[in-house]
Amino acid sequence: MKETIKRTHFAKELEENLLGHKVNVGGWIEDIRDIGKIIFLVIKDITGPIQVIVDPEEFPQIRDIPRQSSILLSGKLQKSKAKEMKVELKLEEIGDIYHSNHPLPIDPTGRLESAIDKRLDARALDLRNENVSKLFIIRSIALEIIRKTLREMYFIEVNTPKIIGSASEGGANLFEFDYFTNKAYLAQSPQLYKEQLVLALDRVFEIAPYFRAEKSNTVRHLTEFYSVDIEAAFLDYYDIMEIMERVIKNVIIGIKDSGLIDFTKNEFIKNAIETKFERLTYQACIEELKENGDRVEYGDDLSDSSLRKLGQLHPGFYFITGWPLKLKPFYILENEKDHFLSDSFDLQIGYLELISGGSRQHDPSKIRNRLAEQGLNPDKFSEHLKVFDWGMPPHAGCGLGLDRLMMCLTGSMNVREVVLYPRDPYRISP
Ligand code: AMO
């Protein structure tokens, strides 16, 4: 019985300065090449591969360990004869082995491709493919940068309830469930809470999952998605656009600096760092669409096909401002000069909506009217509306679809690629 080996180094840390040293590594067996006198073992951890040179006379049992098993090894670091790597490990001791049972549902080395559904069914194993795990390292970097950028601007990170007693946004897309003897819902957004919080906390942000009971089976819709919501007192929607442009640019810079994505191949993302995001009015979009043969009329929402056309004309990041008020939720402020319009914006990348936001209506009687206009019962919002009588400052905010942002920054074709365990109308497991 061998003593358990404790890992001393990750693959990435095995550099020439450790040549001749004994190191302990842990990972999974990616490959075994048996050429008779030597066995080449490739083990991988989250930081990369390690080539291990095995003497089969000393360790014949290596031949029987199935690929993808996890293993702890100890050995001496030596110069590698292979051109593509500087160092390799000469095996001296085998520690614990955690066997994988074959056949495995997918091949995580990527040599044998599997459809996304099959990969999602075996997500934990799928993540052993470095092209897949990379997406979640990038997501983690993005989250860190978003938090840092917002904190630098005095935003406080908050956590609001996801089990709620009534709708926050209105509309029919709420998940309802039994809550003891009552009904409760899963939050569609933190909208009401984040607005209330600016009363005292001034600037808040929340990064959390939200739930929409929409039967949209597309590559950009999920029933549970992550949103970066911000809300700030004494700012208007133009200020929020500036803040979010800075957040996204910082995220792109951070990902670029990590070296994990080569943005030189994606000119829209690459250019986004240096150029100001384009700003279009809703009216200009309608005119442009009509000039290009679209049947849309002023006042209409932009359908999927209109957005796709617009996306072809503006493939990079662009804001659309000044939407008709009737298309926006009850909490959006109406434009002072043109009552048909609202002080709102969306941020698009091509056809894809990434952010929606605006200045907020902070006159409670007007919010009541807007609620009624939209077929919602103002009395059900009294808990929320009472806060507006306690000295509510003017405020503005927005929600950024994090999964969609990651989808476009990583060049993924399906939002499910950048979500560990996606939820959609047809998938609630694993
Ligand atoms: P909205 O409903 O537009 O706005 O949502 C904000 C952003 O969240 C993303 N998003 C989604 N992503 C994946 N799947 C979905 N089903 C989904 N739905 C929305 C989009 C969208 O732009 N309360 C407002 C925000 C605000 O005004 O502060 C809101 O929720 O990228």
Side-chain angles (χ1 to χ4, degrees), residues 146 150 155 158 160 162 164 167-175 186-198 203-232 235-237 239-241 243-244 247-248 301-302 304 307 317-321 323 325 327-333 342-362 367 370 374 384 395-409 412 414-419 422-427:
I146 293 168
L150 291 171
F155 281 85
V158 297
T160 65
K162 304 300 157 236
I164 51 169
S168 40
E169 298 267 335
N173 55 3
L174 272 172
F175 282 112
L186 291 177
Q188 299 158 295
S189 84
Q191 187 63 36
L192 307 188
Y193 293 109
K194 65 175 181 167
E195 284 196 55
Q196 293 177 22
L197 291 173
V198 302
R203 294 182 178 186
V204 294
F205 73 99
E206 178 160 22
I207 303 175
Y210 295 102
F211 307 90
R212 306 268 169 108
E214 284 163 1
K215 270 214 159 168
S216 310
N217 191 29
T218 76
V219 294
R220 63 183 193 281
H221 287 97
L222 295 170
T223 47
E224 176 180 337
F225 67 96
Y226 261 76
S227 167
V228 178
D229 272 86
I230 74 166
E231 200 68 30
L235 296 185
D236 64 19
Y237 71 113
D239 301 316
I240 300 294
M241 285 158 63
I243 289 170
M244 294 316 283
V247 167
I248 291 178
D301 204 353
L302 299 184
D304 187 51
L307 284 172
F317 289 99
Y318 59 101
F319 288 106
I320 305 178
T321 59
W323 290 80
L325 185 65
L327 299 178
K328 289 289 169 184
F330 64 87
Y331 47 80
I332 291 284
L333 187 66
S342 63
D343 284 351
S344 63
F345 72 92
D346 280 3
L347 176 73
Q348 301 278 136
I349 177 151
Y351 84 98
L352 189 67
E353 179 199 310
L354 289 180
I355 302 183
S356 154
S359 298
R360 314 304 189 188
Q361 178 56 265
H362 57 276
I367 301 177
R370 292 272 291 136
Q374 298 200 344
H384 174 58
H395 55 283
C398 72
L400 157 70
L402 179 72
D403 312 309
R404 288 189 183 177
L405 178 69
M406 297 324 299
M407 177 185 169
C408 83
L409 294 185
S412 304
N414 190 331
V415 72
R416 290 162 185 78
E417 292 284 0
V418 293
V419 175
R423 296 289 180 252
D424 64 36
Y426 305 100
R427 178 179 285 282

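Predicted model, so just to flag it, every value in this text is computed and none were measured. Counting starts at 1 for both ligands and their atoms, in listed order. Note that these values count all heavy atoms, side chains included, but never hydrogens, waters or copies made by symmetry.
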Quick test: of every protein heavy atom, which one is nearest to atom 20 (C) of ligand 1, and how far off is it to 0.1 Å? Arg404 NH1, 3.5 Å
Determine, considering heavy atoms only, which of His221, Arg360, Glu231 sits nearest to atom 27 (O) of ligand 1. Arg360
Numbered in order shown, the ligand 1 atoms found under 4.0 Å of a heavy atom of Gln191 are 23 (N), 24 (C), 25 (C), 26 (C), 27 (O), 28 (O)
Treating Thr218 as the side-chain partner and Arg220 as the backbone partner, does any N or O pair qualify as donor plus acceptor under 3.5 Å? yes
Have a look at ligand 1 and work out which part of Ser227, if any, has a heavy atom under 4.0 Å from it: side chain, backbone, both or neither. neither
Provide the closest heavy-atom pair for Leu186 versus Leu174 in the form atom of the first, atom of the second, distance. O-CD2, 3.6 Å
Parallel, tilted or perpendicular, as decided by the 30° and 60° cut-offs, for the rings of His362 and His395: tilted
Which of the numbered atoms in ligand 1 are below 4.0 angstrom from a heavy atom of Lys194? 26 (C), 28 (O)
With a cut-off of 4.0 Å, which atoms of ligand 1 are near a heavy atom of Tyr331? 23 (N), 24 (C), 27 (O)
The atoms of ligand 1 lying under 4.0 Å from a heavy atom of Arg220, numbered in the order shown, are 13 (C), 14 (N)
How about Lys215: does its NZ atom have over 12 heavy atoms from other parts shown lying under 6.0 Å from it? no
The one among Arg212, Gln188, Glu353 that brings a heavy atom closest to atom 18 (N) of ligand 1: Arg212
Run the numbers for me: atoms of ligand 1, each under 4.0 Å from some heavy atom of Glu214, listed by number. 16 (N)
Using a 4.0 Å cut-off to any heavy atom of Gly401, which atoms of ligand 1 qualify? 7 (C), 8 (O), 9 (C), 31 (O)
Note: ligand 1 atoms sitting under 4.0 Å from heavy atoms of Ile355 are 22 (O)
Donor-acceptor check, side chain of Asp424 to backbone of Arg427, threshold 3.5 angstrom: yes or no? yes
Look at Lys328 together with Asp346 and state whether they make a salt bridge at an N to O cut-off of under 4.0 Å. yes
Hey, are the side chains of Phe155 and Ile243 touching, using non-hydrogen atoms and a 4.5 Å cut-off? yes
So among Glu224, Gln188, Lys162, which one has a side chain to side chain donor-acceptor pair (under 3.5 Å) with Tyr210? Lys162
Look at atom 4 (O) of ligand 1 and say which protein heavy atom is nearest, naming residue and atom and giving the distance to 0.1 Å. Ser356 OG, 3.8 Å
With Met244, which of Asp239, Ile355, Leu347 fulfils side-chain contact (heavy atoms from CB on, under 4.5 Å)? Ile355
Can you report which non-hydrogen protein atom sits closest to atom 14 (N) of ligand 1, along with the distance? Leu222 N, 3.0 Å
Which residue and non-hydrogen atom of the protein lie closest to atom 19 (C) of ligand 1, and at what distance in Å? Phe225 CZ, 3.6 Å
Would you mind running through ligand 1 and noting each atom that sits below 4.0 Å from a heavy atom of Gly357? 27 (O)
In this structure, atom 7 (C) of ligand 1 is nearest to the protein heavy atom Gly399 O, 3.6 Å
Could you pull out the closest heavy-atom pair between Asp229 and Ser227, with the gap in Å? OD1-OG, 2.6 Å
Atom 31 (O) of ligand 1: which protein heavy atom is closest, and how many Å away? Leu354 O, 2.9 Å
N or O pair under 3.5 Å between Ile332 and ligand 1: no
Flag, side chain of Glu206 to backbone of Thr160, donor-acceptor distance under 3.5 Å: yes
